[in-house]
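Okay, so here's the structure we're looking at.
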Amino acid sequence: MSLYEKIVNRDEKISIVGLGYVGLPLAISFARVADVVGFDISKEKVEKYHAGIDVTKEVGDQAIKETTAFFTWEEKYLKECKFHIVAVPTPINSDKTPDLRPVIGASKTVGRNLTEGSIVVYESTVYPGVTEEVCVPLLEQESGLKCGVDFKVGYSPERINPGDKVHRLETIVKIVSGMDEESLEEIARVYEMVVKAGVYRAESIKVAEAAKVIENSQRDINIAFMNELSIIFDKMGIDTKAVLKAAGTKWNFLNFTPGLVGGHCIGVDPYYLTYRAEQTGYHSQIILAGRKINDDMGKYVAENTVKKMIKADKQIKGSKVGIFGVTFKENCPDTRNTKVVDIIREFEEYGIEVQIVDPVADKEELWHEYGLKLSEMEDIKNMDALVFAVSHDEFKPLTLEYLKYLYNNNKHVLIDVKGLFDRNEAEEMNFIYWRL
């Protein structure tokens with residue numbers, strides 16, 4: 001009997017290692033059709049799940065309360081599982097090189113608890129070669145087992161889009177790969193249990209790793225192009241949004257918009273690819289140029305805010321600016337690698353006092369990562385400028401008429417990064433308005 005059949009019959013269990021934005025939806029989804037152990041090294045996070053609280057906001061509290069998945073921070077329970085899915089983050093170091101510590105730690109943990117006949121699948125975003133060259137030796141070393149003989153490995157890149165309620169695990173085609181035909185088929189069949197959109201069998205593990213890392217690199221480059229256009233058009237006195245609206249009438253014009261590119265995927269993954277490229281002796285030109293533009297956008301927004309405040313005769317040092325939204329993207333609590341913090345740090349350099357409103361952000365994470373506190377909406381008053389940095393749904397009902405009451409005088413500086421408000425209406429109401 002195959003491992004897939006044993007899982008279907010609930011004779012064997014699936015483990016999910018890492019219960020964040022990727023791992024939690026996986027655990028909830030697989031638990032509907034199989035026995036699942038969800039493991040995370042954070043006892044605090046697991047206790048929240050035990051209490052029925054979804055810290056990721058990806059599946060909802062109700063789904064966590066109802067799931068049959070067993071959540072634990074004790075690695076001994078991994079020994080009960082035969083199909084392991086590793087879904088830990090892969091961040092970058094301060095020098096923009098890959099930080100493989102989470103995936104190395106997870107590999108050691110799984111290795112210590114690996115039994116014969118197991119399959120280990122990695123979902124973490126990595127550069128081509130990490131699964132076979134970094135993870136497999138760790139699994140062998142910790143378990144004393146031989147890859148290809150006692151256990152098999154595969155790679156299936158995560159495609160979760162945090163905060164997106166339409167493109168979910170079940171509705172996005174899943175790339176799967178295995179070290180040989182047998183493992184590829186087993187891995188594909190297991191994922192087909194939950195992915196309704198179907199799976200795509202990649203030719204090799206390296207192909208699957210490369211496919212993932214270029215998906216976000218492509219998006220990063222396209223947004224960098226839009227950001228560069230917005231800098232050029234701003235100097236020309238042309239509204240970028242109006243230009244894109246006009247250009248978008250052509251059937252094959254790509255629908256990208258300028259913005260802050262942060263988070264743990266698009267702002268990180270290109271560096272994994274360029275790092276690996278450097279090891280082969282090739283220095284990236286387009287990818288790193290795009291990264292440079294996107295990394296500098298927070299500073300650019302802050303500088304333009306200060307310019308508009310000077311235009312409004314505002315005293316910069318000691319002025320007050322209200323920031324709406326601090327997460328890396330709309331409708332998502334995640335603040336990791338958010339570029340809004342770059343705006344805030346730049347304001348602090350100018351001696352500007354900042355107050356942040358974000359009904360979605362993870363308060364504890366924001367304080368722990370950046371030492372920043374959130375304010376309530378009613379605390380935003382007597383402001384010298386307002387910056388709408390993230391277009392959360394909660395901000396959409398706000399009107400320009402309402403915003404007027406949040407300023408300290410009739411010089412209303414409004415920085416609308418994502419174009420939430422109508423430019424013409426704002427200018428007719430005498431707002432000093434700017435957007436990317």
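- Checked by atom type and distance alone, the side chain of Y155 pairs as donor or acceptor with a backbone atom of S124 at under 3.5 Å.
- The backbone N or O of K96 lies less than 3.5 Å from no partner atom in the side chain of N93, so there is not a single donor-acceptor pair.
- A distance of 11.0 Å separates OG of S118 from NZ of K79, quoted to the nearest 0.5 Å.
- You'll find the side chain of M193 reaches within 4.5 Å of the side chain of Y4, heavy atoms only.
- When all heavy atoms of S156 and V176 are compared, the closest pair comes out as OG-CG1, 3.8 Å.
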* Apply side-chain contact (heavy atoms from CB on, under 4.5 Å) to M309 and V321, showing your working. => CA-CA 10 Å; M309 289 168 71; V321 174; 4.1 Å; yes
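- Considering all non-hydrogen atoms of both residues, E140 and C147 come closest at OE2-N, 2.9 Å.
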* Decide side-chain contact (heavy atoms from CB on, under 4.5 Å) for K308 and T305; before the verdict, give the C-alpha distance in whole Å, the side-chain angles of both, and the deciding distance to 0.1 Å. => CA-CA 5 Å; K308 295 299 177 191; T305 307; 5.9 Å; no
* May I have the step-by-step check of side-chain hydrogen bond (donor to acceptor under 3.5 Å, both in side chains) for T115 and K82, ending in yes or no? => CA-CA 7 Å; T115 57; K82 275 282 194 284; 3.0 Å; yes
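- You'll find the side chain of V390 stays beyond 4.5 Å of the side chain of V326, heavy atoms only.
- When atom types are taken as modelled, the side chain of D54 and the backbone of E58 share a donor-acceptor pair closer than 3.5 angstrom.
- No donor-acceptor contact under 3.5 angstrom links the side chains of Y77 and S15, judged on distance only.
- Atom SG of C81 is separated from atom CD1 of I14 by 9.0 Å, given to the nearest 0.5 angstrom.
- Between the side chains of Y433 and D416, at least one donor-acceptor pair of N or O atoms lies under 3.5 Å.
- For the pair I119/L3, a side-chain contact is recorded, criterion being any heavy-atom separation below 4.5 Å from C-beta on.
- A pairwise comparison of heavy atoms in H392 and N331 identifies ND1-N, 2.8 Å as the closest pair.
- Between R276 and E133 there is a salt bridge, since at least one side-chain N of the basic residue sits less than 4.0 Å from a carboxylate O of the acidic one.
- Of the candidates E192, E123, E158, K174 forms a salt bridge (Lys or Arg N to Asp or Glu O under 4.0 Å) with just one, namely E123.
- Minimum interatomic distance between I223 and T257 (heavy atoms only, all atoms of both residues): CG2-O, 3.8 Å.
- A distance-only check finds no donor-acceptor pair linking the side chain of R112 to the backbone of E142 [under 3.5 Å].
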* **side-chain contact (heavy atoms from CB on, under 4.5 Å) evaluation trace for D362 with W367** => CA-CA 9 Å; D362 184 326; W367 175 252; over 6 Å; no
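- Residues V153 and V121 are not in side-chain contact: their nearest non-hydrogen atoms beyond the backbone lie 4.5 Å or more apart.
- Remark: side-chain polar atoms of E209 are paired, donor with acceptor, to backbone N or O of T131 under 3.5 angstrom.
- With contacts defined as side-chain heavy-atom distances shorter than 4.5 Å, the pair V268/T90 does not qualify.
- The neighbour count for Q279 CD, taken as heavy atoms of other residues, nucleotides or ligands under 6.0 Å away, is above 12.
- Ionic pairing of K108 and E75 is not present here: no N-O contact between side-chain nitrogen and carboxylate oxygen is shorter than 4.0 angstrom.
- Using a 30° and 60° split on the angle between ring planes, Y272 and Y127 fall in the tilted class, from 30° to 60°.
- Between F324 and F395, the angle of the ring planes goes over 60°, which puts this pair in the perpendicular group of the 30/60° scheme.
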* Are D95 and T97 close enough, and set up right, to give a side-chain hydrogen bond (donor to acceptor under 3.5 Å, both in side chains), and what steps lead you there? -> CA-CA 6 Å; D95 64 353; T97 57; 2.6 Å; yes
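- In this structure, E44 places its CD atom where only 12 or fewer heavy-atom neighbours from other residues, nucleotides or ligands lie under 6.0 Å away.
- Residues E116 and L145 are in side-chain contact: their nearest non-hydrogen atoms beyond the backbone lie under 4.5 Å apart.
- With respect to K48 and E364, a salt bridge is recorded, a charged nitrogen being found less than 4.0 Å from a carboxylate O.
- The backbone N or O of S2 lies less than 3.5 Å from a partner atom in the side chain of E5, making a donor-acceptor pair.
- In summary, D384 and K320 do not engage in a salt bridge, as defined by a charged side-chain N under 4.0 Å from a carboxylate O.
- Considering OH of Y300 and CG of N294, their distance stands at 13.0 Å, rounded to 0.5 Å.
- Using a distance-only test at 3.5 Å, with no hydrogens or angles considered, no donor-acceptor pair links the side chain of T338 to the main chain of T335.
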* Run the side-chain contact (heavy atoms from CB on, under 4.5 Å) check on L244 and M226 step by step: do they pass? -> CA-CA 9 Å; L244 295 178; M226 294 299 142; 3.5 Å; yes
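- A salt bridge links K152 to D180: one of the charged nitrogens lies within less than 4.0 Å of a carboxylate oxygen.
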* Hey, mind stepping through S319 and E353 against side-chain hydrogen bond (donor to acceptor under 3.5 Å, both in side chains) and telling me if it holds? -> CA-CA 6 Å; S319 61; E353 185 190 319; over 6 Å; no
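- In terms of modelled atom types and a separation under 3.5 Å, the side chain of T274 and the main chain of Y271 share a donor-acceptor contact.
- Between V120 and L139 the shortest side-chain heavy-atom distance falls below 4.5 Å.
- Checking side-chain atoms of D379 against main-chain N and O of E376 turns up a donor-acceptor pair under 3.5 Å.
- Side-chain contact between L406 and L386 is present, with heavy atoms from C-beta onward closer than 4.5 Å.
- D269 and V213 make their closest contact through O-CG2, 3.4 Å (heavy atoms, listed as atom of the first residue, atom of the second, distance).
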* For the pair S230 and N227, evaluate side-chain hydrogen bond (donor to acceptor under 3.5 Å, both in side chains) and give the outcome as yes or no after the intermediate values. => CA-CA 5 Å; S230 85; N227 281 333; 4.7 Å; no
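- Taking a 6.0 Å sphere around CG of L420, one finds it holds more than 12 heavy atoms contributed by other residues, nucleotides or ligands.
- The structure places CG of D150 at 9.0 Å from CG of L114, a figure rounded to the nearest 0.5 Å.
- Here the side chain of N113 pairs a donor or acceptor atom with the backbone of T109 at under 3.5 angstrom.
- The line from CG of L374 to CD of Q355 is 11.0 Å long, rounded to the nearest 0.5 Å.
- We find that K206 and E132 are joined by a salt bridge, their nearest charged nitrogen and carboxylate oxygen being less than 4.0 Å apart.
- The CG atom of D220 sits 9.0 Å away from atom CD1 of I287, with the distance rounded to the nearest 0.5 Å.
- Under the 4.0 Å criterion applied to side-chain N and carboxylate O atoms, D393 and K396 are assigned as salt-bridge partners.
- Under 4.0 Å is where a charged nitrogen must lie from a carboxylate oxygen, and between R345 and E349 no such pair does.
- Under the 4.0 Å criterion applied to side-chain N and carboxylate O atoms, R291 and D295 are assigned as salt-bridge partners.
- Using a 4.0 Å cut-off between a side-chain N of Lys or Arg and a carboxylate O of Asp or Glu, E80 and K13 qualify as a salt bridge.
- Minimum interatomic distance between G52 and D61 (heavy atoms only, all atoms of both residues): O-CB, 3.1 Å.
- Around atom CZ of R201, more than 12 heavy atoms belonging to other residues, nucleotides or ligands sit under 6.0 Å away.
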